[in-house]
Amino acid sequence: MASIRRVGFLGLGIMGTPMALNLAKKGFEVTVWNRSRARADALASQGLSVAATPAELASKVEAFCTCVADPAALREVALGATGLLHGASSGQVYVDFSTVSVPLIEELGAAFGAKGVDVADAPVTGSKSGAEKGTLVIMTGCSEATLARATPIFQALGEKVVHCGALGAGTQVKLAGNALIAAMLQAFSEGLLLTKKAGVDPRKFIEVVQASGFRSPYFDFKGQALLKRDFATHFSIDLMHKDLSLVLDNAASHRVPMPTASSLRSTYELARAAGKGAMDITAVITAFEALTGTVIE
Ligand code: NAP
């Protein structure tokens, strides 16, 4: 089968915009679509084509990719009245990079598979800077044959691809991973707040953590942001709340208790109730700063 040259990209948010641009930089002929047209038009000036609807986009390309906010958004873009399915045809490849539920991925696999489209779920980690630099870690669920066809797309966007298993396996790993990230960040932020409130320089807490066996590059990145009060959004509180809800539904379906994720969802709900949903996940701790009258810096 001929290699893929014409690629569509739908969902031009924090992740999707740099991913679409990286595909174009790596030589693919890229057509984009976004619900808010302005974000797509902004890429037209950089040589990318813009489609009027997802269905129109699907009719023009050999492979199409989605990276939208949540399951409702993906359902609309893929299966809605002007969705991708209406323009899809046999022999195409569909890669979804969004973080959604395993049942939705399976539903897409059945709907697009019935039209002869090869489907892969391929959620990512690496956030905004990984998307910009093309260094994402991609965890995919698909057949070996689909993996081979999608690999040039993956190589344009990421530095590591982990083939997790059959369709849905990438999403399964992603949900477990995001529960871990939320727990790491919350415990780290609480440690900073506690040392500060107790009158010890929170930088000493970071120094010890990062000299220890439980150090992480994530703590360097997020520690600096917290100390500088830099809450520019890389990954929003609303989206992590969505992921914690997805992982808890997933865990319930497998009868696996996840008390840490359960508590974290309430913590993120608290931040959303304080009007912080669009802020970066580092800003969750500002709700606790307000309660304790202490600011980490
Ligand atoms: P974002 O900046 O909030 O962008 C969300 C995108 O989804 C936008 O293009 C938005 O369109 C679109 N969208 C929302 N609702 C829609 C609907 N009903 N119909 C059609 N399109 C809709 O989000 P992001 O940070 O790029 O994240 C995108 C996906 O990647 C999410 O599933 C997220 O969990 C996952 N992810 C994010 C990160 C990260 O660090 N940011 C890392 C890994 C994975 P508009 O422009 O019209 O609003």
Side-chain angles (χ1 to χ4, degrees), residues 8-22 32-43 48 50-55 57 64-85 95-102 104-105 108 121-140 154 157-158 160 162 170-171 173-182 184-185 218 221-222 225 231-247 250 268 272 276-284:
F9 205 101
L10 304 95
L12 301 171
I14 288 174
M15 300 297 285
T17 292
M19 290 168 78
L21 285 170
N22 277 338
V32 294
W33 177 89
N34 193 62
R35 177 182 62 173
S36 311
R37 171 91 189 205
R39 280 175 149 170
D41 288 341
L43 298 191
L48 285 69
V50 179
T53 64
L57 181 149
F64 43 87
C65 311
T66 42
C67 189
V68 293
D70 54 25
L74 185 58
R75 185 178 288 285
E76 183 62 28
V77 170
L79 305 173
T82 59
L84 286 164
L85 190 64
V95 181
D96 176 52
F97 292 107
S98 321
T99 307
V100 293
S101 68
V102 176
L104 177 56
I105 291 296
L108 295 181
D121 63 318
V124 299
T125 192
S127 202
K128 185 173 183 256
S129 70
E132 288 169 352
K133 291 180 196 150
T135 57
L136 293 168
V137 174
I138 298 168
M139 57 214 93
T140 187
F154 293 158
L157 302 175
K160 182 163 179 72
V162 180
T171 297
V173 171
K174 173 67 183 173
L175 293 178
N178 267 25
L180 174 63
I181 294 167
M184 283 172 68
L185 179 61
Y218 194 61
F221 172 45
K222 290 302 189 189
F231 299 118
T233 306
H234 291 249
F235 183 42
S236 72
I237 286 170
D238 280 339
L239 288 185
M240 181 61 100
H241 177 268
K242 173 259 307 181
D243 290 350
L244 290 164
S245 300
L246 288 170
V247 77
N250 178 257
Y268 274 71
R272 279 155 51 92
K276 299 173 188 289
M279 294 175 78
D280 190 73
I281 51 174
T282 41
V284 167

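Note that ligands are numbered from 1 as they come in the structure, with each ligand's atoms numbered from 1 the same way.
Ligand 1 is never approached by Ala72 to a heavy-atom distance shorter than 4.0 Å. At least one heavy atom of Lys174 sits less than 4.0 Å from an atom of ligand 1. At least one heavy atom of Val124 sits closer than 4.0 Å to an atom of ligand 1.
For ligand 1, one of its N or O atoms has an N or O atom of Ala69 under 3.5 Å away. For the pair Ser36 and ligand 1, the shortest N or O to N or O distance falls below 3.5 Å. Inclusion of Leu12 in the set of residues having an N or O under 3.5 Å from an N or O of ligand 1 is warranted.
Between atom 29 (C) of ligand 1 and the options Asp238, Thr99, Val68, Asp243, the minimum heavy-atom separation is to Val68. The residue among His234, Met15, Arg75 with a heavy atom at the shortest distance from atom 37 (C) of ligand 1 is Met15.
Heavy atoms of Asn34 found under 4.0 angstrom from ligand 1 belong exclusively to the side chain. With a 4.0 Å cut-off on non-hydrogen atoms, Asp70 does not touch ligand 1 at all.
Checked by atom type, the side-chain pair Asp238/Ser236 shows no donor-acceptor distance below 3.5 Å.
Less than 4.0 angstrom separates some heavy atom of Ser127 from each of these atoms of ligand 1: 39 (C), 40 (O). Listed by atom number, the atoms of ligand 1 under 4.0 Å from Leu239 heavy atoms are 23 (O), 24 (P), 25 (O), 27 (O), 33 (C). Distances below 4.0 Å separate heavy atoms of Gly11 from the following atoms of ligand 1: 9 (O). The distance from ligand 1 to the heavy atoms of Lys242 drops below 4.0 Å at these ligand atoms: 31 (C), 32 (O), 33 (C), 34 (O). For ligand 1, the atoms lying closer than 4.0 Å to a non-hydrogen atom of Arg39 are 8 (C), 45 (P), 46 (O), 48 (O). Within the listing of ligand 1, atoms 32 (O) sit less than 4.0 angstrom from a heavy atom of Ser98. Within ligand 1, the atoms closer than 4.0 Å to a non-hydrogen atom of Val77 are 20 (C), numbered from 1 in the order shown.
Among all non-hydrogen protein atoms, the one lying nearest atom 48 (O) of ligand 1 is Arg35 NH2, 2.9 Å.
For the atom pair Thr99 OG1 and Leu246 CG, the distance stands at 8.0 Å (nearest 0.5 Å).
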Take Ile14 and His234 through the side chain to side chain contact (heavy atoms under 4.5 Å, CB included) test and state the conclusion after the steps. CA-CA 7 Å; Ile14 288 174; His234 291 249; 5.8 Å; no

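When the options Asp243, Asp121, Ile105 are evaluated for a side-chain contact (heavy atoms from CB on, under 4.5 Å) with Val100, the one that passes is Ile105. Test Val247, Asp70, Ile237 against Lys242 for side-chain contact (heavy atoms from CB on, under 4.5 Å) and you get one pass: Asp70.
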